[in-house]
Amino acid sequence: QVQLVESGGGLVQAGGSLRLSCAASGSTFSFTTMGWYRQAPGKQRELVAAINNAGGTDHADSVRGRFTISRDNAQNQVYLQMNSLKPEDTAVYYCFGSKWPVVMLDAYGVDYWGEGTLVTVSS
């Protein structure tokens, strides 16, 4: 079994920045897609950003221009640089890995989840 471990969450002021990291362990492999979902109380889980094994990226409309996803050369780690943070970005952020392309995630789901890291943006 593969484990995904997130780090980098915390408390920041509105307008500040954080960088989330996700590291895979347990075996040597490459996911087709890695990325980040987030969920806040009372809200639906939202796909924030995803990156495929060729480096192509997708970002949610709500974060485009502020957040940037990247993946390391081995394609087993993923990062989320979050700039210009807003209080509405407050959520638990979950790293994921999937054998499916991003357009298929809603239908076929995620293979591996991290446990989540809390991002709190104060106003």
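In this chain, numbering begins with 1 at the start of the sequence shown. Side chains included, hydrogens not; waters and symmetry mates left out as well; all remaining heavy atoms used.
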Shortest non-hydrogen contact from [X] to [Y]?
X     : Y      : result
Ala50 : Val102 : CB-CG2, 3.7 Å
Ala60 : Glu46  : CB-OE2, 3.9 Å
Ile51 : Arg71  : O-NH1, 3.4 Å

Worksheet item: side chain to side chain contact (heavy atoms under 4.5 Å, CB included) between Leu4 and Glu115: does it pass, once the steps are laid out?
Response: CA-CA 8 Å; Leu4 299 176; Glu115 292 185 354; over 6 Å; no
Worksheet item: Step by step, would you call Phe96 with Phe31 a ring-ring contact (aromatic ring centres under 6.0 Å, His included)?
Response: CA-CA 9 Å; Phe96 74 88; Phe31 292 116; 8.6 Å; no
Fill in: Intermediate values then yes/no, side chain to side chain contact (heavy atoms under 4.5 Å, CB included), Leu18 and Val119
CA-CA 9 Å; Leu18 285 174; Val119 172; 3.9 Å; yes
Cluster question for you: counting only ILVMFWY and a side-chain heavy-atom cut-off of under 4.5 Å, with indirect links fine, are [X] and [Y] together?
X     : Y      : value
Val12 : Trp36  : yes
Leu80 : Val63  : yes
Leu47 : Met82  : no
Leu85 : Leu11  : no
Tyr79 : Tyr112 : no

Fill in: Residues, nucleotides or ligands: over 12 heavy atoms within 6.0 Å of Arg19 CZ
no
Item to complete: Step through the shown structure and confirm whether more than 12 heavy atoms of other residues, nucleotides or ligands are within 6.0 Å of CD on Glu88.
Response: yes
Reported [atom1]-to-[atom2] distance for the pair [X] and [Y], which is rounded to 0.5 angstrom:
X     : Y      : atom1 : atom2 : result
Glu6  : Leu118 : CD    : CG    : 11.5 Å
Thr57 : Asn52  : OG1   : CG    : 8.5 Å
Gln39 : Arg45  : CD    : CZ    : 6.5 Å

Using modelled atom types only, decide if a donor and an acceptor are shared between the side chain of [X] and the backbone of [Y] within a distance under 3.5 Å.
X      : Y     : value
Ser84  : Gly15 : no
Gln81  : Ile69 : no
Asp111 : Lys99 : yes

Worksheet item: Between Arg38 and Tyr93, is NZ or CZ placed under 6.0 angstrom from the six-membered ring centre and within 45° of the ring axis?
Response: no
Fill in: Check: Ser123/Gln13 side-chain N/O donor and acceptor closer than 3.5 Å
no
Item to complete: Would you kindly say whether Ser17 and Asn83 are connected by a side-chain donor-acceptor distance under 3.5 Å?
Response: yes
Worksheet item: So Thr117 and Leu20, side chain to side chain contact (heavy atoms under 4.5 Å, CB included) or not? Walk me through it.
Response: CA-CA 8 Å; Thr117 186; Leu20 305 184; 4.1 Å; yes
Worksheet item: Are any non-hydrogen side-chain atoms of Met104 and Ser98 less than 4.5 angstrom apart?
Response: no
Item to complete: Check the pair Trp100 / Thr33 against side chain to side chain contact (heavy atoms under 4.5 Å, CB included), numbers first and verdict last.
Response: CA-CA 6 Å; Trp100 303 103; Thr33 307; 5.8 Å; no
Worksheet item: Which of parallel (below 30°), tilted (30 to 60°) and perpendicular (above 60°) describes Trp113 and Tyr94?
Response: perpendicular
Fill in: SB check Asp89 Lys86 (cutoff 4.0 Å)
no
